[in-house]
Number of protein chains: 2
Amino acid sequence: MPSMPSTPSMPSSGRVTSGLAALAALLADETRARFCLALLDGRAWTAGELARHAGVAPSTASAHIDRLVEGGLLTAERQGRHRYVRLADAQVAHLIEDLAAQAAPEHGRPDRPRTLRAASAAGALARGRTCYDHLAGRLGITVTEAMTERGLLRQDTGFALTDAGLRWFADLGAPLAPSGRRPLARGCLDWTERRPHLAGLAGAALCRHALETGWCVRIGSTRAVQVTPEGERALAELLGLPATALR
Amino acid sequence: MPSMPSTPSMPSSGRVTSGLAALAALLADETRARFCLALLDGRAWTAGELARHAGVAPSTASAHIDRLVEGGLLTAERQGRHRYVRLADAQVAHLIEDLAAQAAPEHGRPDRPRTLRAASAAGALARGRTCYDHLAGRLGITVTEAMTERGLLRQDTGFALTDAGLRWFADLGAPLAPSGRRPLARGCLDWTERRPHLAGLAGAALCRHALETGWCVRIGSTRAVQVTPEGERALAELLGLPATALR
DNA sequence: CCCACGTTGCGGTCGCGACCGAAGAGTCCG
DNA sequence: CGGACTCTTCGGTCGCGACCGCAACGTGGG
């Protein structure tokens, strides 16, 4: 009830305020937050998978998914008896990344793994992974830094591809065209490396190209990726990266 | 209790998840959201001002401020019997901007003002305002676009100053030096214009310079700003902006 | 065709947190 | 040194929402 600002303030402040609060409320629940972070791998999960992942009853998960879809964070698609769910778009993914980065400045001790299995999984993720639709982890950072050093990417005065960078992508067979409202290049703060890696249309194109041409492959069905021998050769040739930098 | 992911997933997933949920919970309350949006003007408010602004009791506001400070979104500073409160840093400001932008895609009809006074205030804000520590509104967009056209700023492949842009700032008497983790230039989506304006260190330097040299002045004690005749002359000379573009 | 499984809808329970008012601590001023 | 002001602390109330179990629905496989 006390939703009336007693001071005349920002116009449309009411709508923006309640919109902001409503959006934040979607992520304010631990279970929904877990859903969104899981979906940050860019793939589609079924409702049941998400329920098991978060450790809640299927009915609970279903209700949460409804709210997230309603709020525009997720999109759902029915296929047979499954309901596949994914993040709505790159903007949402980027928003959640930013929030997670802000929420986890605990970069001192990244939660020591308890088991050998967990340790090796953590290592694989730190080495290389996908972040929504682009590359992250040491792999993502290494590639981004190499592109910067080679003058393909400019990070000192912002974050943008250079003309040489545009040509590089074209030569690669993955020409970039401005599309919609998504920027060609943007920095995405890496969780494990605490430095920005390449995101945006260029990051997505590079990741897609790397997976399609076999430069890297997914490990199992996780978001972790591994560079292949061909990938090492290609990156050495195109970016001057020594093979050892990618292991 | 169901905090165990039944699927082995992201390492440190627990911590990140609860951190994300806790951070979002801070903004999930309408009153706290109103506080943060008010503080987006970049200035320090007293606890009482925020309480009146949001229409809650002082005791309620005090508790909210505690939580926001505890969560790292705000910093507080006691001065006499007042407690001045501001956003913690530019990163927090940017995060809230992004969230607000995502939360308010209602760009069809921006909440028609009810009174003449409100209409003129809304008009002034749309013409020019500060957004945390840089310029926004039509003023911010116009300047940003002019800088882009003049080759000082590159937006087609990302968002970065050019070398000419660096020189432009140096000639202005506001040389830019990379500092800490804040980027020199970054795009900040404008609420009213739906296009990015210049933020980051360069945006802050430009705004500071504009206010110090009298290119623009604040209207009353709001975040709205107005271009002065000197400002028109300077911007015409430095960016080729016709005076009519700024009214 | 029926059974198993993934998914959804419906009560019902329970705990967290947003709110206020009143009283207390600290500060500035006459 | 007392009064006006700002802010904080403390109890106590109340409503929202996260959760589960159970039952129903639909799909796909045997």
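Throughout, a chain's letter reflects where its sequence line sits, starting with A, and its residues are numbered from 1.
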Query raised in the report: Closest to the A/R83 side chain: C/dT7, D/dT6, C/dA18?
Result: C/dT7
Requested in this report: Give the rounded distance in Å between these two atoms: CD of B/E70 and C1' of D/dT8.
Outcome: 16 Å
Query - Whole angstrom value for the distance that separates P of D/dG17 from CD of A/E30 - result: 18 Å
Report task. Taking only the side-chain heavy atoms of A/H82 (C-beta and beyond), determine which of D/dC7, C/dC19, C/dT7 contains the nearest atom. Result -> C/dT7
**Report entry** OP1 or OP2 of D/dC19 under 4.0 Å from side-chain N/O of A/T60
**Finding:** no
Query raised in the report: What do you reckon, is CD of A/E70 surrounded by more than 12 foreign heavy atoms closer than 6.0 Å?
Result: no
Report task. Show your working on side-chain contact (heavy atoms from CB on, under 4.5 Å) between A/W191 and A/L40 and close with a plain yes or no. Result -> CA-CA 12 Å; A/W191 290 9; A/L40 262 189; 4.1 Å; yes
Requested in this report: Starting from C1' on D/dG17, measure out to CG on A/D66 and report it in whole angstrom.
Outcome: 15 Å
**Report entry** Interatomic distance where CG belongs to A/D29 and P belongs to D/dC20 [whole Å]
**Finding:** 11 Å
Query raised in the report: What does nucleotides 22-30 of chain D look like as a protein-contact string, B for base, S for sugar-phosphate only, - for none, at under 4.0 angstrom between heavy atoms?
Result: -----BS--
Requested in this report: In whole angstrom, give the distance that lies between atom OH of A/Y84 and atom C1' of C/dT8.
Outcome: 18 Å
Query raised in the report: Would you call A/D41 and A/R218 a salt bridge, taking side-chain N to carboxylate O under 4.0 Å as the test?
Result: no
Report task. Test B/T144 against B/R195 for side chain to side chain donor-acceptor pair (under 3.5 Å), laying out the working first. Result -> CA-CA 10 Å; B/T144 303; B/R195 269 157 30 188; over 6 Å; no
Requested in this report: With the side chain of B/R78 defined as its heavy atoms from C-beta on, choose the nearest nucleotide among C/dT8, D/dC19, D/dC7.
Outcome: D/dC7
Query raised in the report: What class does the angle between the rings of B/H134 and B/H197 fall in, given that below 30° is parallel, 30 to 60° is tilted and above 60° is perpendicular?
Result: tilted
Query - Under-4.0 Å salt bridge between A/R182 and A/D133 - result: yes
**Report entry** Integer-rounded Å distance: D/dC7 C1' and B/E49 CD
**Finding:** 13 Å
Report summary line: To the nearest angstrom, the CD1-P distance between A/I65 and D/dA18 comes to 14 Å
Report summary line: With the side chain defined as heavy atoms from C-beta on, B/R67 is closest, among D/dC7, C/dA18, D/dC19, to C/dA18
Report task. Give a yes/no answer on whether the side chain of A/T31 brings an N or O atom under 4.0 Å of OP1 or OP2 in D/dC19. Result -> yes
Query - Whole-Å distance separating the CH2 atom of B/W45 from the P atom of D/dT6 - result: 16 Å
**Report entry** From D/dC19, D/dC7, C/dT8, nucleotide with atom closest to B/T46 side chain
**Finding:** D/dC7
Query raised in the report: B/L176 and B/A202: which non-hydrogen atoms are nearest, and at how many Å?
Result: CD1-CB, 3.8 Å
